[in-house]
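Please read the structure below before turning to the comments.
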Amino acid sequence: MKHLTLAAALTLATPALAQDAVLHDFEGSFDDATFAVESAIVGQGLVIDYTSHVGDMLNRTGEDVGSDVKIFDAADIFIFCSAVVSRQVMEADPMNIQHCPYGIFVTEKEGKVQIGHRDYPDGPMDAVEELLQGIVAEAIGG
């Protein structure tokens, strides 16, 4: 039996900490982008459960945690779900619950505004990516 080093064992036992994101540049202001995303989500007949103002939180708490780094000028995440798509992906694999709810984020950094979402695993979760890509395409005007 082979022995694993501690580092190798931790690597195998630890889930990936970073996921890829699908990003799209937005031609316009942060406020225009958030309005466009919000409108596109609601336009799909979906309800936004929560809007996380991550940028405000990071900017407000930086000094409290000993940092002077400004990560974003602004950043919001729109959290929502789709009964139809969620049922589809969870009937295929109930453990797809780990990906719900879904989110689309808008960021602004150094004057560059972007809209994005997580890159989900291939397979049943492709249905979620199609939903998110459609919403983002509508928001950016494409």
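Along the sequence shown, residues are numbered consecutively beginning with 1. The basis for the numbers below is simple: all heavy atoms, side chains too, and nothing from hydrogens, waters or symmetry mates. Keep in mind that what you see is a predicted model, and the values were worked out from it rather than measured.
Glu138 and Ala40 get closest at one heavy-atom pair: OE2-CA, 3.6 Å. Nearest approach of Asp49 to Phe80, heavy atoms of both residues: OD2-CA, 3.8 Å. Of all the heavy atoms in Asp126 and Asp122, the pair that sits closest is OD1-CA, 3.6 Å. What you find for Cys81 and Leu46 is that their closest heavy atoms are O-CD2, 3.5 Å. Shown here for Phe105 and Ala21, the closest heavy-atom pair between the two residues is CZ-CB, 4.1 Å.
A donor-acceptor pair under 3.5 Å is formed between the side chain of Asn96 and the backbone N or O of Val89. No donor-acceptor distance shorter than 3.5 angstrom exists from the side chain of Asp32 to the backbone of Gly28, with no hydrogens or angles considered. A donor-acceptor pair is defined here as one N or O able to donate and one able to accept, closer than 3.5 Å; such a pair exists between the side chain of Lys109 and the backbone of Ile71. At distances below 3.5 Å, at least one donor-acceptor pair connects side-chain atoms of Asp73 with backbone N or O atoms of Glu110. No donor-acceptor distance shorter than 3.5 angstrom exists from the side chain of Ser39 to the backbone of Ala36, with no hydrogens or angles considered. Within the 3.5 Å criterion, the main-chain N or O of Gln88 finds no donor-acceptor partner in the side chain of Glu91.
Contacts of Tyr120 classified as ring-ring contact (aromatic ring centres under 6.0 Å, His included), with partners at least two apart in sequence or in another chain: His99.
Under the 4.5 Å side-chain criterion, counting only non-hydrogen atoms from C-beta, Glu129 is not in contact with Leu132. Side-chain contact between Ile115 and Ile140 is present, with heavy atoms from C-beta onward closer than 4.5 Å. In this structure, the side chains of Gln114 and Glu108 stay at 4.5 Å or more apart for every pair of heavy atoms. Side-chain contact between Val22 and Arg118 is absent, with no heavy-atom pair separated by less than 4.5 Å. Looking at Thr107 and Val113, their side chains never come closer than 4.5 Å, going by heavy atoms from C-beta outward. Contact check for Ser82 versus Leu131: side-chain heavy atoms found under the 4.5 Å cut-off. With contacts defined as side-chain heavy-atom distances shorter than 4.5 Å, the pair Tyr102/Ile79 does not qualify.
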Intermediate values then yes/no, side chain to side chain contact (heavy atoms under 4.5 Å, CB included), Asp25 and Lys112
CA-CA 7 Å; Asp25 292 341; Lys112 183 176 186 176; 3.0 Å; yes

Verdict with supporting geometry, Val47 and Ile41, side chain to side chain contact (heavy atoms under 4.5 Å, CB included)
CA-CA 7 Å; Val47 175; Ile41 293 169; over 6 Å; no

Step by step, work out the side chain to side chain contact (heavy atoms under 4.5 Å, CB included) result for Val136 and Phe26.
CA-CA 10 Å; Val136 171; Phe26 182 83; over 6 Å; no

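When hydrophobic clusters are built by joining Ile, Leu, Val, Met, Phe, Trp and Tyr residues whose side-chain heavy atoms come closer than 4.5 Å, directly or via intermediates, Phe30 is not grouped with Phe35. At a threshold of 4.5 Å between side-chain heavy atoms, the hydrophobic network of Ile, Leu, Val, Met, Phe, Trp and Tyr places Met57 and Ile48 in two separate groups. In this structure, Val65 is not a member of the same hydrophobic cluster as Val69, with clusters built from ILVMFWY side-chain heavy atoms closer than 4.5 Å. Cluster annotation: Leu58 and Tyr50 are assigned to the same hydrophobic cluster (Ile/Leu/Val/Met/Phe/Trp/Tyr, side-chain heavy-atom contacts under 4.5 Å, transitive). Phe72 and Val54 end up in the same hydrophobic cluster when Ile, Leu, Val, Met, Phe, Trp and Tyr side chains are linked at under 4.5 Å.
Remark: Gln98 CD is packed, more than 12 non-hydrogen atoms of other residues, nucleotides or ligands lying under 6.0 Å away.
Ring pair His24/His117 is tilted by interplanar angle, where 30° to 60° counts as tilted.
Here the rule is side-chain hydrogen bond (donor to acceptor under 3.5 Å, both in side chains) with His53, and of Asn59, Asp76, Thr34 only Asp76 fits it.
Atoms CZ and OG1, from Phe78 and Thr51 in turn, are 5.0 Å apart once rounded to the nearest 0.5 Å.
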